[in-house]
Amino acid sequence: MSVSNEQNNEVVAVDENHVIAERREKLKAIRETAKLNGSVAFPNDFKPEHQAAALHAEFGGFDNEVLDPKALHVSIAGRMMLKRVMGKASFATVQDSTGRIQLFISKDNLTDTNSEAIYDAFKHWDLGDIIAAKGVLFKTKTGELSVKVSELRLLTKSLRPLPEKFHGLQDQEVKYRQRYVDLIVSEETRATFIARSKVVSAIRSFMLENQFLEVETPMLHPIPGGASAKPFITHHNALDMQMYMRIAPELYLKRLVVGGFERVFEVNRNFRNEGLSVRHNPEFTMMEFYAAYTDYLWLMDFTERCIRTAAIAATGSAVLQYQGRELDLSKPFQRLTIVGAIQKYAPQYTLGQLNNADFLRAEILKFGTKPFDHAGLGALQLALFEETAESQLWEPTYIIDYPVEVSPLARASDINPEITERFELFVCGREIANGFSELNDAEDQAARFHAQMKAKEAGDHEAMYYDADFIRALEYGMPPTGGCGIGIDRLVMMITDSASIRDVILFPHMRAEA
RNA sequence: GGGGCGUUAGCUCAGCUGGUAGAGCAGCGGACUUUUAAUCCGUUUGUCGUGGGUUCGAUCCCCGCACGCCCUACCA
């Protein structure tokens, strides 16, 4: 054919190694044999009726005296992970989505007319091939439940070799970039993502049980809002307008509360155009919920129960181990004010100092952080908290009394207008959740947006935009409401004892491959 | 964005402060009818991440770049 085709072949060749080349040759032979037999190289007519884990659970406890008379016929399929050929008899370990089971394959037991050819073909099948078997359950000499195979088929030829069978996949980069390989060979990785699924479904059930309505709000926003963060910017061609990937669903969910959905929640992705770290992925999952006629005190109780429920659903216990240290989610979560937390974890500061803006400003500079120019006392206290106390909050702790100036969507305290009815939940030194009594005074909200715009003009790139439609919605009247967002990835990190957010995201963001 | 460490066969890893590379697994050939990372015999495979520099000579020393991991910063 053409030049381009030759180029393609060259590209393939660069990626090839002799192992892959051997396998391609085997596949070629398989195709030819299939053609002669009127069959196909990639059949899809085999339907397994059993799975490894269930077979072990149901029959693993019996010995051959029980199993033999039953003559339990099973059919299974999966990836061949181990193969031990010993002349005329062989063992192969097959892995399906539930676990592994061993096959015992001997020419004598194969019922097919050309059993010799099938057995010889099997000897050349590779680790990683998807195979299917039918046979009878029995126990080997060493007591392992196995299938004495009467029918054996190759369903899918695998062209690429798996990682080394004992050490598995060690290269972090490959684990992230080629998660499919990681999942094939790492039980631990599979367990992490199964736990993640359990966490999410437990949270969903918990919300539904508490009369919340699950909703989906836009991911593409004309005005980014609901958080202080840099958005990804994109463009809608037909409308010829700039759009933003959402940084938070908050303003839409509150519009729904205005609309009369008094309890709503959404579990989905937020996108923030910021740095990557062991705790940050550009897209991350939030469970955000709003409940009319509740406040931040109610939210703290509710969030606590929600997290505890999720942990138990995923691990069976509310007492966990995180990075070698016990994490007890069963006890009531602590509550501390920002100043209280500093006093507890950095007792060198006096109350007088903590209420002295000039002192705080100077102290924060010592930590190498520059507080923003117009930071008030509350913001300075918060900055010092972040430097001194935050990372020490191992046991679940709600920090309360966030200053108004850093909480533009939260309801101010009736007692002290400088602070809001807001909390953040810290566990293992990390922020896990953020919630507050919602600001439902449309005029106050408009004034807060104006203040944010001023901050933006003054150079605060993360200050919020003025969202006129959101103000309009509030002007129709939003009932008093409490709302909270839980960072699902970080919660799953905690519950699965994962050190990096990338370990709990199936396909974490990576730089383009070299 | 700043700092540290890393990159050697398909995989897991060795490689002596410089003489162009090894092991195990996988593969290929052979033996073997109860193995468990099967075993035993034989055997193939490398732009030593990449581009420069120093040197008679570089996987090794120096510099740049790419990618990765960790710490740090912004943040959830």
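Source: prediction; values computed, not measured. To find a chain, count down the sequence lines: A is the first, B the second, and so on, and within it residues start at 1.
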Applying ring-ring contact (aromatic ring centres under 6.0 Å, His included) to A/Y296 and A/Y402, what does each step give before you reach the verdict?
CA-CA 12 Å; A/Y296 78 125; A/Y402 278 76; over 10 Å; no
Charged N to carboxylate O under 4.0 angstrom, A/E438 versus A/R411?
no
Over all heavy atoms of both residues, which pair between A/Y119 and A/S106 is shortest? Give the atoms and the distance, please.
CE1-CA, 4.4 Å
Pairs: protein N or O with nucleotides 71-74 of chain B N or O, under 3.5 Å:
| residue | atom | partner | partner atom | Å |
| --- | --- | --- | --- | --- |
| B/A73 | N6 | A/L276 | O | 3.2 |
| B/C74 | O2' | A/E462 | OE2 | 3.1 |
| B/C74 | N4 | A/H280 | ND1 | 3.2 |

Show, in sequence, the C-alpha distance, side-chain angles and deciding distance for A/F104 and A/F91, and conclude whether the ring-ring contact (aromatic ring centres under 6.0 Å, His included) test is met.
CA-CA 5 Å; A/F104 175 70; A/F91 289 94; 5.0 Å; yes
We want to know whether A/R84 and A/Q102 form a side-chain donor-acceptor pair, criterion being a heavy-atom distance below 3.5 angstrom.
yes
Just call it for A/N109: base, sugar-phosphate, or nothing, with non-hydrogen atoms closer than 4.0 Å on any strand.
nothing
Students often mix this up, so state it plainly: with edges at 30° and 60°, are the rings of A/W394 and A/Y322 parallel, tilted or perpendicular?
tilted
Grab the two heavy atoms, one from A/S407 and one from A/R422, that are nearest each other, plus how far apart they are.
OG-NH1, 2.8 Å
Would a line drawn from the ring center of A/F138 to the ring center of A/F62 be shorter than 6.0 Å?
no
Where protein sits on nucleotides 21-26 of chain B, one letter per nucleotide: B base, S sugar-phosphate only, - none, heavy atoms under 4.0 Å:
---BBB
Would you say the base of B/U12 and the side-chain of A/D171 have a donor-acceptor pair closer than 3.5 Å?
no
Mind telling me whether A/F206 and A/F302 have parallel, tilted or perpendicular rings, with 30° and 60° as the class edges?
tilted
Test for a donor-acceptor pair under 3.5 Å between the base of B/U34 and the side chain of A/E144, counting only N and O atoms.
no
Let's see if you get this right: which residues in residues 132-140 of chain A place a heavy atom under 4.0 Å from RNA chain B?
A/F138, A/T140
Pick the closest RNA chain B nucleotide for A/D108 and for A/H124 by heavy atoms, then say which residue is nearer the 5' end.
A/H124
Check every strand shown and say whether A/R100 touches a base, only sugar-phosphate, or nothing at a heavy-atom separation below 4.0 Å.
nothing
Do the side-chain N or O atoms of A/R84 get closer than 4.0 angstrom to the phosphate oxygens (OP1, OP2) of B/C32?
no
